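Working notes for the structure below.
Sequence lines set the chain letters: A, B, ... in the order given, protein chains first and strands last, and positions in each chain run from 1. Keep in mind the model is a prediction, meaning the values are calculated, not measured.
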2 protein chains.
Amino acid sequence: MKKEIEIFERYLKTKNLSLTKERKLILDEVFSIDGHLEADEIFLRLKKDKKDVSRATVYRTLGLLVNSGLVRKVYLGEDHIHYEHTHGHTHHDHLVCIKCGKVIEFSDKKIEKLQASVCRERGFQELSHTVQIFGYCKDCKE
Amino acid sequence: MKKEIEIFERYLKTKNLSLTKERKLILDEVFSIDGHLEADEIFLRLKKDKKDVSRATVYRTLGLLVNSGLVRKVYLGEDHIHYEHTHGHTHHDHLVCIKCGKVIEFSDKKIEKLQASVCRERGFQELSHTVQIFGYCKDCKE
DNA sequence: GTTTAGATTGAGACTAAATCTCAAGTAGGA
DNA sequence: TCCTACTTGAGATTTAGTCTCAATCTAAAC
């Protein structure tokens, strides 16, 4: 498995961009978090560690990480975007509990296959997808 | 098929709320639009028709419409929420072209069934779900 | 018809997420 | 070294959405 940093640097190369100190800090921080994260969370964590990076750079770099394919955006029913790193994980989707907020990951090969065939039928070239199922988790349903 | 307005009024009744002039205007506007809409779009359309309703009321009423089950939120990859009315439509999900922005609806019973069984396995009580597949549509792929 | 409690609204202040601007700094190829 | 293009930070700006609160409306109870 290629290290994230190599992939990112290679991606940046293709865009004539370079792996700066700030971009590396953000990359490391993103990959140190398991699960779902918010842009501002990265900003605040770095700030706490005295590794100051501006908000603008955090947002800009997250955009690059998404474009590089290392990270993806996820919509979890809240009014802002979450991110999660995809490199080194098998693809998965989410069950979101609307009471306690828990997010349960799942993956299902058969669903993926059916989605692929929906795309094929319509001449649509899939790049990514997200599935969210909202409801009550085991502990929250009455 | 029950009229939306009856369903909405019945829903409001259960919450001890009433179908006011403003709520009716918003309901009508929402159901006059086919496809996906934004909160601000409703606000501006009503304004243009001199049927002024405040932004706050538009947002509040859209929330009620979502809770009543007549309308749902959809995430289409942009940084704000879209809405679509569900009453009178069979459930569907979306293929979103990231180049031209076109949104293609699809529905697939087999996918729905598999999702239901994913939930069952995990003791999760599904209320709703959304599937978005991002990529290039027939016309935009090279 | 009055009373009254609670629902409803609008205007604009406010919040939060995300983007933009621009001057100053940096990196790397020629 | 020079030069060009990339990169950054600070803070202004934009945009979506929420909140506040006084004024108004509604409808059930009297």
Side-chain angles (χ1 to χ4, degrees), chain A residues 8-30 36-68 71-84, chain B residues 8-30 36-68 71-84:
Chain A
F8 193 36
E9 189 156 22
R10 186 145 39 88
Y11 168 78
L12 290 170
K13 235 13 175 306
T14 68
K15 300 279 172 190
N16 279 319
L17 306 177
S18 44
L19 182 60
T20 61
K21 175 170 99 284
E22 289 82 359
R23 286 179 183 150
K24 185 167 178 329
L25 283 173
I26 293 164
L27 174 78
D28 287 346
E29 197 63 42
V30 166
H36 308 99
L37 53 98
E38 304 171 21
D40 218 50
E41 190 182 347
I42 299 293
F43 171 73
L44 293 173
R45 277 170 172 249
L46 287 171
K47 185 169 204 150
K48 218 175 96 199
D49 284 0
K50 302 266 182 278
K51 298 173 192 159
D52 278 32
V53 169
S54 76
R55 245 193 200 89
T57 300
V58 170
Y59 278 99
R60 284 189 283 236
T61 303
L62 279 169
L64 292 171
L65 285 169
V66 169
N67 290 337
S68 77
V71 165
R72 70 170 177 148
K73 294 184 178 184
V74 222
Y75 170 64
L76 296 177
E78 293 181 37
D79 56 1
H80 61 275
I81 294 297
H82 285 79
Y83 297 85
E84 65 180 15
Chain B
F8 193 37
E9 189 157 24
R10 187 146 39 87
Y11 167 79
L12 291 170
K13 249 330 176 341
T14 70
K15 302 278 172 189
N16 280 318
L17 306 177
S18 44
L19 182 61
T20 60
K21 174 171 99 285
E22 289 82 359
R23 287 181 182 150
K24 186 167 178 327
L25 282 173
I26 293 165
L27 174 78
D28 287 346
E29 197 64 41
V30 166
H36 309 100
L37 52 97
E38 303 171 23
D40 219 49
E41 190 183 346
I42 298 294
F43 171 73
L44 293 173
R45 277 170 172 249
L46 287 171
K47 184 168 204 148
K48 217 176 97 199
D49 284 1
K50 303 268 181 278
K51 298 174 192 157
D52 279 32
V53 168
S54 76
R55 241 190 202 92
T57 300
V58 170
Y59 278 99
R60 284 188 283 235
T61 303
L62 279 169
L64 292 170
L65 285 168
V66 169
N67 290 338
S68 77
V71 166
R72 70 169 177 149
K73 293 184 178 185
V74 223
Y75 169 64
L76 297 177
E78 294 181 37
D79 57 1
H80 59 277
I81 294 298
H82 285 79
Y83 296 86
E84 65 180 15

I need the [atom1]-[atom2] distance between [X] and [N], as an integer number of Å.
X       : N      : atom1 : atom2 : value
A:Leu17 : D:dT8  : CG    : P     : 9 Å
B:Leu44 : D:dT15 : CG    : P     : 12 Å
A:Lys47 : D:dG9  : NZ    : C1'   : 11 Å
B:His82 : D:dA16 : NE2   : P     : 10 Å
B:Phe43 : C:dG12 : CZ    : C1'   : 12 Å
B:Glu22 : C:dA11 : CD    : P     : 11 Å
B:Asn16 : C:dA5  : CG    : C1'   : 12 Å
B:Asp40 : D:dT15 : CG    : C1'   : 9 Å

Please list residues of residues 54-65 of chain B whose heavy atoms come under 4.0 Å from any atom in DNA chain D, ordered by number; otherwise none. B:Ala56, B:Tyr59, B:Arg60
Start with the C-alpha distance between A:Glu29 and A:Leu37, add both sets of side-chain angles, then the distance that settles side-chain contact (heavy atoms from CB on, under 4.5 Å), and finish with yes or no. CA-CA 10 Å; A:Glu29 197 63 42; A:Leu37 53 98; over 6 Å; no
For the residue pair [X] and [Y], establish whether any side-chain heavy-atom pair is separated by less than 4.5 Å.
X       : Y       : result
B:Asp52 : B:Leu46 : no
A:Leu19 : A:Phe8  : yes
B:His82 : B:Lys73 : no
B:Arg72 : B:Tyr83 : no

Name the nucleic acid region contacted by B:Asp52, choosing base, sugar-phosphate or nothing; use a 4.0 angstrom heavy-atom cut-off, strictly under. sugar-phosphate
Pairs of donor and acceptor atoms involving the side chains of residues 56-67 of chain B, under 3.5 Å and at least two apart or interchain, shall be tabulated with distances.
from, atom 1, to, atom 2, distance (Å)
B:Thr57, OG1, B:Ser54, OG, 3.1
B:Thr61, OG1, B:Thr57, O, 2.8
B:Asn67, ND2, B:Gly63, O, 3.4

Between A:Arg23 and A:Ser18 (side chain of the first, backbone of the second, donor and acceptor by atom type, cut-off under 3.5 Å), is there such a pair? yes
Protein N or O to nucleotides 22-27 of chain D N or O, pairs below 3.5 Å:
none

So, B:Glu41 and B:Arg45, do they make that salt bridge, N to O below 4.0 Å? yes
Classify the ring geometry of A:Tyr75 against B:Tyr75: parallel below 30°, tilted from 30° to 60°, perpendicular beyond 60°. parallel
